[in-house]
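The chains referred to below are lettered A, B, ... by the order of the sequence lines, with proteins before strands, and numbering in each begins at 1.
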Protein chains: 2
Amino acid sequence: MASIKDVAAEAGVSVATVSRVLNSHPSVSEEARTRVLAAVEALGYRPNAVARSLRTAQTRTLGLVISDVLNPYFTELARFVEEEARALGYSVIIGNADERPELQDHHIRTLIDRRIDGLLVSPADGGSPLMRDVTLGGTPMVFVDRWIPGIDVPVVRADGTGAVKDLVAHLHGLGHRRLAIIAGPAATTTGNERVEAFREAMRGLGLALPAAYIGQGDFQAASGRRATEQFLALAEPPEVVFAADNLMALGALDAIRARGLRVPDDIALAAFDDIPWFVHTDPPITAIAQPTADLARAAVRALADLIEGRTPQSVTLPARLVVRRSCGGAATNQRSDR
Amino acid sequence: MASIKDVAAEAGVSVATVSRVLNSHPSVSEEARTRVLAAVEALGYRPNAVARSLRTAQTRTLGLVISDVLNPYFTELARFVEEEARALGYSVIIGNADERPELQDHHIRTLIDRRIDGLLVSPADGGSPLMRDVTLGGTPMVFVDRWIPGIDVPVVRADGTGAVKDLVAHLHGLGHRRLAIIAGPAATTTGNERVEAFREAMRGLGLALPAAYIGQGDFQAASGRRATEQFLALAEPPEVVFAADNLMALGALDAIRARGLRVPDDIALAAFDDIPWFVHTDPPITAIAQPTADLARAAVRALADLIEGRTPQSVTLPARLVVRRSCGGAATNQRSDR
DNA sequence: ATCATGCGTGTAATCGATTCCACGGCGTCC
DNA sequence: GGACGCCGTGGAATCGATTACACGCATGAT
C-alpha cells in the first residue's frame, strides 16, 4: 500500500508538504497542493491510521463495552452510539461482555491497549480493580445505563422510578395484589434500582413484597425461566410477574407456557425495557420503555466532552410505561403502542 | 502511560531485551527475564498495540461489516464471529451498514485505513467499486451470508433451497395454494436466491407465482408492512405470506393486525431466519432457521486461513424448516421448537 | 594457545505519519 | 540599500514498538 513517501516522491515534494496538504495546513502553495492531490489520486493513497495514531496519540475511536449484545436493548443502544459517534468523527469498537465480568475486563484491557480515546461502559458487575484503574490511567470514561458507585465518572442513564410507580398503580387498578419481581444481578445498579423502585411503589399502595416474590435473575432468559418456575411452584403463586429486563421476560413467558398457563388470564406479565417484538407476542407485553436513542447520544456527547476537554454532563432521562394486554384489562388506556 | 523505555530503565536493560522478554524470545537470561517482568509489574506496563501494529504490519483485528445490526440474525452472527475470533487471538470491529451501500463503503474504508488484518462482509448491495478494490489492495476478505458474484473470495453461507422446498410442501399440505413472498433487495444474493428457491418449489408442485404475489422489500420492517398491505388490497389476496427475513415478517404481522385479520385463520405467515421471539409471537411463527453459530465459526476460520497463508474453504450449510402455528394446522408435526 | 561457536545483550534502523526548526527568497519599510 | 519579516518548503526528530546486526565473553575443539 502506498505510503506518504510514495506520494511525496510522485509529487516531487517532501513528506512534510504532503502531510500539510492532507491536514489542510494553511501554508502550502496552491501549486504544491494540486501536485500532491494529483499524486494522492494517482496512487490511491490513504493515510495509515495506525501511524497517525502513534504520532498524534489519538485514535478517534471510542470503546463501548456492553453487558450483552443479544439483548435488543443493548443492540439498539450500540447502534445509536455508533451513529452519534460517527457524526462526531469517531469510530466505535464494541466489546460484548456477555454479563461475564472477566470477559468485560478482557475487553477493557484490549481497548486500552489499542489506545482508544475514551470508554463507554455499561458494567456487568460491581467493578473490578481494573475498572477502577482505568480512570487513574487517564482514559476518559462514561457509564451508560448501569454505573458503579464510588467511581467518579459521568453517568448517563434512565430513571425508571416514575414508570415503575405507574406500572404498579396500573396493576393495582386492575385488581392485582400479589406482585412478584424477577430481579437482575445485585452487583448491577439497574439490578437493584428496579427492585427498590418496585418495592417502594408497592409500599406506597400498602402492598407487601415478601421475599418469596423476589426472584433472583441475571438478565438472561434462562434465569427468568427458573425464577418463574419457582413462583409458580409456590402454594400461593403471584398474580403478576415483573421481569427486570426483556430477556428474563422471554424466559418467564417460556415457563408460563410450559405450565400450560395463559397470560394474562392465569398470570400477568410485565417487563423493563421495551422492544419491537413485545407488540407481537402473545399477548402484547406491557413494558417500561427507555429513551434509548437519547441515552446513546447523551453518553457519546459526554464522552466526547471529556475527551476534548470540555465539561461533561451526567444525564438522567425518565423511562415511561407502555401499557399493552399482558396484565389484563382492555388495553384502551394505553399511552402508546410501538 | 509507561512505555517500553520506562520498563527498560526500571529493569536496567535495553529496550531490545524488554521486547524479547515480552515476545518470549528464547535468548534472554533467566536473570534479565525476572528483572524485566518485575519492572513490568511495578509500572503496570502494557505494550502499546498501535506502535506494535505499525512495526509488525499486523493488527490482530478483523473487520465485520454487516447489513443491519438490529436484525437479530446479524446480531447473533456478530456475537459468534467475535467469539470465534477471540478464540483465535483476534479482535473484531463491527461496522453496521444499515442496508445502505454508502455507509457500507464508509466502514470498509475506515477499517482498511486502520489496517485490519482481514474483512468479513455481508454485502448490502451488488458491490461498489471500492469493494472490488479491497482484494486488489491485498486485504484478505471473506463473504458471509450474502456474497457478490464476480468477486473471487471465499463465501460462507447457508443454503435455504431445501428448507424452502419443505416449507412450500408444508403449506401445500395444509391446503394453501395462493402463496406470496416478500423479497429482499434484488442487489443481494439472499434477496434473489430466496425468491428463486420459492418459485422453483412452487413450480415443482404445479403452483404459479404471479408477479402481484412478489412484494419488493428491503429487509426492513417497514417494507414488510408496505408489501403486505399491497397483498391485502388485492382482489384475490394470497393465503400465505412468506417474508424473506425476520424484520419484514414483523412488518407483515403489523400490517395484518392493523387490518384486523388473524394469523393463521385469515392469512398464514412464514419467515426466513428464525429468532427466539418467534416462539412467543401470536401465533408462534413458522420459520427457516440458519445454523448461525456454525456459519460464524466457518467464516472466521476461512478468514484466518486466508490471513495466515493457509488455503481457505468456502462453506455452504443447509438451513432447516421449523414448523410452528402461523401457517395453520396443529403444530404436531413440528421438528423442533426453540 | 588459538580459533570457531554460540549465547546474551545493546545499538540502531525501521514502520508511516506529524511537527518543530531552519533556510532561502521575496516584498516592505525606513 | 539594508534590515526585517513572512511565506513556502525541506530536514530531521519523534511516537513505541520489533528486529537485524555487531560485540563481548565464555566454552569447547583442535
Atom pairs and distances, donor-acceptor, side-chain atoms in residues 1-10 of chain B, under 3.5 Å, two or more places apart:
residue, atom, partner, partner atom, Å
B:Ser3, OG, B:Lys5, N, 3.1
B:Asp6, OD2, B:Ser3, N, 2.7

Summary of salt bridge (Lys or Arg N to Asp or Glu O under 4.0 Å) pairs that have at least one residue in residues 305-315 of chain A, sequence neighbours excluded: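 Checked against salt bridge (Lys or Arg N to Asp or Glu O under 4.0 Å) - neighbours excluded - the pairs reaching residues 305-315 of chain A are A:Asp305-A:Arg310, A:Glu308-A:Arg310.
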message: According to salt bridge (Lys or Arg N to Asp or Glu O under 4.0 Å), does anything in residues 37-57 of chain A pair up with another residue at least two apart or in another chain? List the pairs.
response: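 Residue pairs passing salt bridge (Lys or Arg N to Asp or Glu O under 4.0 Å), neighbours aside: A:Arg46-B:Asp113.
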Rounded distance in Å - [atom1] ([X]) to [atom2] ([N]):
X        : N      : atom1 : atom2 : answer
B:Arg55  : D:dA20 : CZ    : P     : 8 Å
B:Gln58  : D:dT18 : CD    : P     : 11 Å
B:Arg114 : C:dA17 : CZ    : C1'   : 15 Å
A:Asp6   : C:dG16 : CG    : C1'   : 10 Å
A:Arg60  : C:dT18 : CZ    : P     : 14 Å

message: Does C:dC15 have its OP1 or OP2 closer than 4.0 Å to a side-chain nitrogen or oxygen of A:Lys5?
response: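 Yes.
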query: Got a salt bridge between B:Asp98 and A:Arg79, using NZ or NE/NH1/NH2 to carboxylate O under 4.0 Å?
result: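 Answer for the salt bridge query: yes.
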- prompt: In this structure, are over 12 heavy atoms from other groups packed under 6.0 Å from B:Glu102 atom CD?
  reply: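 Counting neighbours around CD of B:Glu102, more than 12 heavy atoms of other residues, nucleotides or ligands fall under 6.0 Å, so yes.
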query: Atom CD1 of A:Ile94 and atom CD of B:Glu82: how far apart are they, to the nearest 0.5 Å?
result: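 Spacing of CD1 (A:Ile94) from CD (B:Glu82) equals 10.5 Å.
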- prompt: Which of residues 10-20 of chain B have a heavy atom under 4.0 Å from DNA chain D?
  reply: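 Output list: B:Ala16, B:Ser19, B:Arg20.
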DNA chain D contacts made by residues 23-54 of chain A, counting heavy atoms under 4.0 Å: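 Contacting residues: A:Ser27, A:Val28, A:Ser29, A:Ala32, A:Leu54.
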- prompt: Given A:Arg86 and A:Glu83, is the side chain to side chain contact (heavy atoms under 4.5 Å, CB included) satisfied, shown in steps?
  reply: CA-CA 5 Å; A:Arg86 181 153 32 82; A:Glu83 200 161 276; 4.2 Å; yes
- prompt: Which residues pass the side-chain contact (heavy atoms from CB on, under 4.5 Å) test with A:Thr61, sequence neighbours left out?
  reply: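 If we apply the side-chain contact (heavy atoms from CB on, under 4.5 Å) test to A:Thr61, skipping adjacent residues, the hits are A:Thr59, A:Ser91, A:Ile93, A:Ile116, B:Arg114.
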